[in-house]
Amino acid sequence: MTVGYGAAIRDGFEHLMVKYPKVFTIGQGLWSPWYVGNSMTDLDRQFGRERVIDTPVSELACTGAALGAALSGYRPIMIHPRVDFMLLAVDQLVTQAAKWRFMFGGQVAVPVTVRAIINRGGEQGAQHSQALHAWFAHIPGLRVVMPATAADARDLLIASVLCDDPVLYLDDRWLYGVEEELGPPVELDLRQLGPRVVRAGDRITLVGAGYTAYLCRQAADQLHAAGVESEVVDLRVLNPLDHRVVAESVRKTGHLLVVDGDWSTCGLAGEVIAGVVERVEPVALRARPVRITLPDAPAPTSGPLERMYYPTVDALVHRALRLVGVQEDAG
Amino acid sequence: MTVGYGAAIRDGFEHLMVKYPKVFTIGQGLWSPWYVGNSMTDLDRQFGRERVIDTPVSELACTGAALGAALSGYRPIMIHPRVDFMLLAVDQLVTQAAKWRFMFGGQVAVPVTVRAIINRGGEQGAQHSQALHAWFAHIPGLRVVMPATAADARDLLIASVLCDDPVLYLDDRWLYGVEEELGPPVELDLRQLGPRVVRAGDRITLVGAGYTAYLCRQAADQLHAAGVESEVVDLRVLNPLDHRVVAESVRKTGHLLVVDGDWSTCGLAGEVIAGVVERVEPVALRARPVRITLPDAPAPTSGPLERMYYPTVDALVHRALRLVGVQEDAG
Amino acid sequence: MGVRPDVRRPTELTQLGDLADATQFHDALTLPPGDNGWLLDALRRMILIRAAEELIGDMVAEGKIRCPCHLAIGQEAPAVAVAREIRRGDRLFGAHRSHAHYLALGGSLRGLMAEVLGKATGASRGMGGSMHLLDLEHGLYGTVPIVGATIPIAVGAGLAAKMDGAGGMAVSYFGDGATEEGVFHESLNLAAILRLPVFFVCENNLFSSHLHIQLRQPADSVVRYAEAHRIPWERVDGNDVVATARAVETAVMAIRSGQGPRFLEAVTYRWRGHVGPREDDDVGVKRKEDLAKWKGRDPIRRLADALLDAGALSEAELEASWAQARGAVEKAWEGALEDPFPPAEDLLNCVYVRGQ
Amino acid sequence: MGVRPDVRRPTELTQLGDLADATQFHDALTLPPGDNGWLLDALRRMILIRAAEELIGDMVAEGKIRCPCHLAIGQEAPAVAVAREIRRGDRLFGAHRSHAHYLALGGSLRGLMAEVLGKATGASRGMGGSMHLLDLEHGLYGTVPIVGATIPIAVGAGLAAKMDGAGGMAVSYFGDGATEEGVFHESLNLAAILRLPVFFVCENNLFSSHLHIQLRQPADSVVRYAEAHRIPWERVDGNDVVATARAVETAVMAIRSGQGPRFLEAVTYRWRGHVGPREDDDVGVKRKEDLAKWKGRDPIRRLADALLDAGALSEAELEASWAQARGAVEKAWEGALEDPFPPAEDLLNCVYVRGQ
Ligand SMILES: Cc1ncc(C[n+]2csc(CCOP(=O)(O)OP(=O)(O)O)c2C)c(N)n1
Ligand SMILES: Cc1ncc(C[n+]2csc(CCOP(=O)(O)OP(=O)(O)O)c2C)c(N)n1
Ligand SMILES: [Mg+2]
Ligand SMILES: [Mg+2]
């Protein structure tokens, strides 16, 4: 049956909590989850408030507590309704959880999953719109997952929680309504997962993650209509990042356009470009690689500026056509 | 006269505090600054403990307080003896200070300088060795400065404090002993400063920032001995990052080697490579660009592993020679 | 407030007692002796705030305002009581629910309406919306929605005020939820150890989003934190503008005379949902029963009744104040609708201070 | 400890009083009635810790140890008193100064020596050094040097223990400086509201690095924070292993019986510098005068004297304990010197759990 991205996340929670008694979830808003859209509705009623714990406004301690429970035999899922709020917990996520196993010589596993929601737009402004997945992909020891489809939203959540390493799972509020046909949940080994070609093409490689992977697929349809066959790579797992799939694609297409819903400098788009040119001989590139990212500014609130701020399918299509050297008709 | 990098930082503080009554400094260890090497010795005695404030172990509140003082007419310098400790203050630095001017429509200036020290090695391990300059270079609104020489250590500190925007000044404990001839302090406009070619060459472009810029210069000497003339670019200002100087150099040399003392994924080295290939036609590249960074692991404590962990001049030289296709004699 | 914290009775530290009982304190306020001119002004300001928030709520409901608005309806008194003691040079900081703080200080209605509409004429030039308000002229140095974030910033403004030595102070407005953020505690300790002129004003409305304080903390009064950090505190009925103003006056006198920080817990209640215009009486512990009762503790009606009883105000004058307020609000709204949006360039021009 | 916090006298909340007076509590301890077998064991453990720390200090001075070592010399008692109540299944967390916590629980000397030398046979396989110690077998779940970082982690272990429902508990060791980190407060509130089996043990040695607590906080006792978060607390002479053990016993009984968290402030003093072997008597407020006096409050000597007076121990046996401890420490050191360093592969093999 067709299920939306948000509902699919809830299916993932349900699968995990029904089957694994050691899984619990903790975070702000879980007893009235308007914060998290329809992705956790009534989990507290279904599984009880001992396993679905709403918390005080204490991001750092709650994240540390999730880590502590993970060291004690549980598989907690720590919820941050916004990436912005999670920044108060960076010490526990980056300096503690991500390094814990290493600091103790690999003697302990740290099966904690931190889920944060990227929730842009809605005139919320600079402090409720940060994505920053590039930050966390930068940290050895922290796996970073970013689903772009309903199936991945559900199955990558399951894979994250079943993984014995700390995982940051970043879902995107702008995808909650996107529906697709879903089979039953599957349990995948996160260590085996990575970037995937979600549409084959030979003229240009489009790369995105999460919401921007969704944009790339839409752009690919329009490009097809314009006679340009693009290959779309959905990165899915940002850390550890496997560059081979994209590199392979670019060897074929010679054109690379990377789209990211985060800032440019030291961001994901630049990383993908660097990873490709490290691997692909310059001669194989038919043009300079291009990245489309957020402008170098915090998120504005004013509607008109907000509409200019985020990448759009049209912008992708125009840029892609220019890149492959196709003239657009003035119409 | 010759002055070391650490002493030059102290000269910068002295220049600022003598000349500008609105400048003060606050942070941990300032009344017994073993934490900060010789870079702040006796500032409290010279300027009084009202202007040189030692604090409780409260990184987040102290950083917020520095921001508040900056909004109130002062030019505070917030000291974090380690980047790792500063991570507890990310909210104030990234979500508050960096966005403050923007969120209020450009009506206020935010002249706060946050100084954090990168202090690796010494078997201190994973929680006392993080650099993470890539994180902060990623944030619009936050200027990021990384001096590699004694002159820059002093004059970029002065420029940072005199700048009306929030600035993160990252100095490197491994450079404190490096001496050079220094004239009197100069007051520069940070907005006019950026990457600089510190050694001219035509065969390969070596790029670094802070300590790795220092490594690049040493490698350049050895390469010269091996008959390879390298051009060295010291990035100096990581955000906003001006890619033109490096791109210009690579157009000439066709070879790019970027060295960074931080991790690879979504790091500075990848950003420099991406910035170059976005600008330089593929044909102008004689080989695939290369980056040398930390391995994908937290910092170890054990001596032998620690020695393997950080980039060395020899490693640079070997990699550079391979890149330009020069055989090294087995000897 | 002069009393040392440690002569308080311990139970005082933890229990709101009657103040948390929605059925209490419904009567007309007891007016202070002497001239009540300022109370007429306080009444006008509270009415203006109420009228503005009600219009904003309606416009959110109609979809004309799209940015998240956290309304202060029912919480008008503390802002007005604090504003009375503010002098030029003082610096105040708020959070996500700060329309009342802005208006009580004298902030322009047009600036508020334009800001929630994202217009260039807004208090933050349309770049911040409801949750980011600035009014330097009246001392409002910034409000932001990251819970607790402005508390240490206010401490820094207090540090600056102490260095200036001109008797200025900083005011930090925050809610009960913010006391759960570690930075709140770090900030109190810092202000205490440096003896800074900072006034910590906690509007305890019993809720953080959907959660009642009983589900978040082991006691419902937050003055115990001030006590722990050795900051003299006072707790008042935050819907009693007279009592609140009295407590503010004492605290501010101590702060300006160099005695260090002070802490005020003003107990109040929000009539609308955490965000937006709905009443959300389906959310949280006993909100359904309590909301109606809390409306009986209306800070505006209680002051108006007292002034009417005292003959300091006539029914007609009261009606006029409401009409006037609604008119002013309407006018500001209509005007703001016509205002321009920020130019596209602002997106990049507001990030850094530009070179000349 | 059964007493509700709010029946305490308020001044108790803020003043260490005699406990902060270096000239007090120099006499032999008062022994509890009955069998003192465990005290002989406690004495041996404290002597072992002292001997190990002294050797480590010497080796740092000689440059044979390069990683930063924060020595617990003078602070041996609390760790030993707490260890007595630890059962299999309990989980303890420490910080940068945790050699004593590790050894008191029964951690291997060889593992400690190897770890500070960065050897593969170390407690953390040579990947952590002095500031990162692990000993799962004895319940030490990790010590890390980011101040305050393990406090919420211990709360999470307490949450797990509560979910397990097997009477287990979590112990969080931290210093007075850590109480200045916001996360300390967030953690106490979380443990209190969830009624978790967590034992918060603050070793208040009056210093954070070079700064005396009087320069960092408005009062020198930290129990006021436990009071604010409604966590029953006790304060003891942390150099009196008898008194400390008694307080620990009461607290742990309450915790295991489901009464929620407990807080202990153990007042003590470090004899060496913040880091390394030097005494640093040039650092901080009155450390020069105080250090010598504090050595008069030696937790080891005071217990030994009591046992000698009681005839439970002979001078010869005492000497033998010291000799034995020094011998064991020497042996562990010599052995660790011969141990191998971690293989190069560990650098990448310890980051993630490997696939099979
Ligand atoms: C750091 C952070 N965490 C969570 C949130 C989500 N949030 C917004 S307002 C709010 C409630 C705050 O409650 P309180 O401080 O009592 O203020 P009130 O809404 O009652 O006025 C929360 C949890 C946030 N904005 N910032
Ligand atoms: C977050 C953080 N800030 C600062 C430091 C530097 N630091 C290391 S130990 C220490 C003092 C801690 O004092 P306390 O908690 O009392 O422990 P003690 O050293 O007295 O045992 C400080 C400030 C750190 N390691 N982590
Ligand atoms: Mg509230
Ligand atoms: Mg201490």
Side-chain angles (χ1 to χ4, degrees), chain A residues 21-22 24 26 49-51 53-74 76 78 88-89 91-92 94-112 139-143 163-167 189-192 239-240, chain D residues 89 91 93 115 120 122-129 131-136 141-144 146 148-164 168 170 172 181-191 193-194 196 198 342 346-355:
Chain A
K22 293 290 192 180
F24 71 92
I26 179 170
R49 293 186 164 189
E50 291 66 39
R51 287 181 73 196
I53 305 170
D54 206 334
T55 73
V57 197
S58 307
E59 288 76 13
L60 185 52
C62 292
T63 306
L67 169 55
L71 299 175
S72 308
Y74 285 80
M78 172 74 217
L88 285 151
D91 176 71
Q92 286 294 328
V94 167
T95 307
Q96 310 306 329
K99 296 170 176 54
W100 199 268
R101 176 177 177 78
F102 181 89
M103 295 187 296
F104 299 110
Q107 298 177 85
V108 282
V110 186
V112 61
I139 305 300
L142 184 64
R143 297 184 184 272
C163 176
D164 286 332
D165 298 315
V167 179
D189 181 346
L190 186 57
R191 296 168 302 186
Q192 312 303 325
N239 197 41
Chain D
R91 299 185 172 92
F93 297 85
E115 192 55 45
S124 301
R125 304 219 175 136
M127 302 301 282
M131 304 192 293
H132 307 90
L133 299 176
L134 188 81
D135 182 3
L136 298 177
Y141 267 61
T143 73
V144 306
I146 291 296
T150 51
I151 302 175
I153 298 171
V155 169
L159 177 58
K162 183 177 185 177
M163 290 173 161
D164 291 338
S172 175
E181 290 286 359
V183 73
F184 160 75
H185 291 277
E186 295 184 1
S187 300
L188 263 60
N189 182 57
L190 197 58
I193 191 71
L194 297 176
L196 301 179
V198 180
D346 277 12
L347 193 57
L348 295 179
N349 284 345
C350 294
V351 182
Y352 299 102
V353 175
R354 293 273 139 189

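Just so it is clear, the model here is predicted, and its values are computed rather than measured. Convention: sequence-line order gives letters A, B, ...; per-chain numbering from 1.
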Roughly how far, to the nearest 0.5 Å, is the [atom2] atom of [Y] from the [atom1] atom of [X]?
| X | Y | atom1 | atom2 | answer |
| --- | --- | --- | --- | --- |
| D:His185 | D:Ile151 | NE2 | CD1 | 9.0 Å |
| A:Met78 | A:Gln92 | CE | CD | 10.5 Å |
| D:Ser172 | D:Phe93 | OG | CZ | 8.5 Å |
| D:Ile193 | A:Ser58 | CD1 | OG | 10.5 Å |
| A:Arg51 | A:Ile26 | CZ | CD1 | 13.5 Å |

So for [X], is it side chain, backbone, both, or neither that comes closer than 4.5 Å to the heavy atoms of chain A?
| X | answer |
| --- | --- |
| D:Thr143 | backbone |
| D:Phe184 | neither |
| D:Met163 | both |
| D:Asn189 | side chain |
| D:Ala170 | neither |
| D:Leu159 | side chain |
| D:Ala154 | neither |

Can you tell which part of [X] gets under 4.5 Å to a heavy atom of chain D, answering side chain, backbone, both or neither?
| X | answer |
| --- | --- |
| A:Leu142 | backbone |
| A:Asp91 | side chain |
| A:Val110 | neither |
| A:Lys22 | side chain |
| A:Cys163 | neither |

Any side-chain to backbone donor/acceptor pair from [X] onto [Y]? Under 3.5 Å, distance only.
| X | Y | value |
| --- | --- | --- |
| D:Glu115 | D:Gly128 | yes |
| A:Tyr74 | A:Phe24 | no |
| D:Lys162 | D:Leu194 | yes |

Looking only at heavy atoms and a cut-off of under 4.5 Å, which of [options] has the most pairs with chain D?
| options | value |
| --- | --- |
| A:Ala97, A:Ala61, A:Gly106 | A:Ala61 |
| A:Pro240, A:Pro166, A:Pro111 | A:Pro240 |
| A:Gly105, A:Pro140, A:Ala66 | A:Gly105 |
| A:Glu59, A:Glu50, A:Gln96 | A:Gln96 |

Among the listed options D:Leu190, D:Val155, D:Leu136, the residue most often paired with chain A at heavy-atom distances under 4.5 Å
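Most pairs with chain A among the choices: D:Leu190.
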Per-residue tally against chain A (heavy atom, under 4.5 Å) across D:Asn349, D:Asp164, D:Asp346, D:Thr150 peaks at D:Asp164
- What's the shortest heavy-atom distance between A:Leu71 and A:Ala109, and which atoms?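 Looking at all heavy atoms of both residues, the shortest contact is CD2-O, 3.9 Å.
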For residues A:Arg101 and D:Val351, determine if any side-chain heavy atom of one lies less than 4.5 Å from a side-chain heavy atom of the other.
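A side-chain contact is absent here, since even the closest heavy-atom pair is not under 4.5 Å.
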Q. Would you call the rings of D:His132 and A:Phe104 parallel, tilted or perpendicular if under 30° counts as parallel and over 60° as perpendicular?
A. perpendicular
